[in-house]
Amino acid sequence: MSSEIKAKISAVGHYLPDYVLTNQELEKLVDTNDEWIRTRTGISERRILKDPDKASGFMAAEAAREILQQKNIDASEIDVIIVATVTPDYMFPATACIAQSLIGAKNAFCFDLSAACSGFLYALEVGSNMISSGQYKKVLVIGSDKMSAIVDYTDRTTCILFGDGAAGVLLEPAEDENAIIDSIMHSEGDMSQNLIQLGGGSRNPASHHTVDKKMHYIYQEGRPVFKRATEGMADVSVEIMEKNQLTGDDVDWLVPHQANLRIIDATARRMNLDPSKVMINIDRYGNTTAATIPLCLYDWKDRLRKGDKIVLAAFGGGYTWGATYLKWAM
Ligand code: UT7
């Protein structure tokens, strides 16, 4: 191993709201049906944070609390909190600061990262390099999204897709080769209009007009996003495998962003992976944006073994996409 400090994932935590929004309930809201949703997306139900006083910051804090408990460490030991989100509690201050206050991580410096569905992977890349710098020893990287806050429940093309949730990891310096090994990240800003929340920012500040035109909800051109996501996630996953001389047999797990089961299946096929090695929980949680990948790690953590070779892959608004290769350290 080179003298470079590498980061390892040393704990995983999560938070999911209790309320389960089923396909059957959505059938009562829009012209859709369970069969269409399951066959076109793989989703059966999602979680919704109903309490109007709670949002992404609360969920991020709950995920962080679980990590602190697992590691039996005090919040004051955390050096950095990065929250990946497209549903921040406020335009500012950062949701990471809200979470910091809730858990009492008084020594942490805290900021948000906006990369939509690739947010967790981007934040992991930033956090991992902060560990490599030698300056930080304990970095919390959390994906938290209250998608129900920006979903239009009269739009059948988007309201069936998204759910609420948070999950994250603790990064610490690795002692051996079981660490984050490599990553490839991409962006394509020319395509930003295909997946966007138009209202509420400095371009279209909130006004009667933006509310009347439903500009505070998610807007998605489903088909082009689907096509590009399928190419992008598969290409970057194969690229990171080739770069690290990995075959489909070598990879123990694929942890894909959970946007559509058909995109996940296509990625696994291109990687030549046995379907049993693919983490899938989209059926239960839908697309929780920045939380999907760490939620998978959380759900599978008891089945992962030290040294397992894992590829994480995501594609999302921006466009943003990427893949990370790591060896499990827990
Ligand atoms: O996570 C970030 C990145 N996002 C993604 O990766 C999402 C990518 N896109 C997708 O996953 C898919 O495009 C969707 C799931 C959003 C849509 O599936 P699709 O197979 O691409 O459907 P489509 O948009 O081509 O629509 C097919 C038909 C249309 O009817 P017509 O025009 O053929 O009569 C839609 O109006 O399905 C109709 N449709 C629905 N029918 C029942 C669209 N939504 C629904 C619905 N229920 N909820």
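Atom set for the values below is all heavy atoms of this structure, side chains included, hydrogens, waters and symmetry mates excluded. Whatever order the structure lists ligands and atoms in, that order sets their numbers, starting from 1. From a predicted model like this one, the values you see are computed outputs, not experimental measurements.
Checked by atom type, the side-chain pair T85/D145 shows a donor-acceptor distance below 3.5 Å. Counting only N and O atoms by type, the side chains of T247 and D249 include no donor and acceptor under 3.5 Å apart.
If you number the atoms of ligand 1 from 1 as listed, the ones under 4.0 Å from a heavy atom of I263 come out as 6 (O). Each of the following atoms of ligand 1 lies closer than 4.0 Å to a heavy atom of C117: 1 (O), 2 (C). If you number the atoms of ligand 1 from 1 as listed, the ones under 4.0 Å from a heavy atom of T41 come out as 15 (C). In summary, the atoms of ligand 1 found under 4.0 Å from a heavy atom of I160, numbered by their order in the structure, are 48 (N).
Residue pairs meeting the ring pair (Phe, Tyr, Trp, His ring centres under 6.0 Å) criterion with at least one member in residues 71-91, sequence neighbours excluded, do not occur. Residue pairs satisfying the ring pair (Phe, Tyr, Trp, His ring centres under 6.0 Å) criterion with at least one member in residues 130-184, sequence neighbours excluded, are listed as follows: F109-Y136.
Here the shortest heavy-atom distance to atom 30 (O) of ligand 1, taken over M233, R156, R262, belongs to R156. By heavy-atom distance, the residue among L261, T288, N260 lying nearest atom 11 (O) of ligand 1 is N260.
Between R40 and ligand 1, a contact under 3.5 Å exists for at least one N or O pair. On a distance-only criterion, T157 and ligand 1 share no N/O pair closer than 3.5 Å. Inclusion of G222 in the set of residues having an N or O under 3.5 Å from an N or O of ligand 1 is warranted.
Annotation: D212, atom CG; neighbour count of heavy atoms from other residues, nucleotides and ligands within 6.0 Å is above 12.
By the 30° and 60° cut-offs, the orientation of the rings of Y298 relative to H14 is parallel.
Distance check for atom 34 (O) of ligand 1: every protein heavy atom is found at 4.0 Å or beyond.
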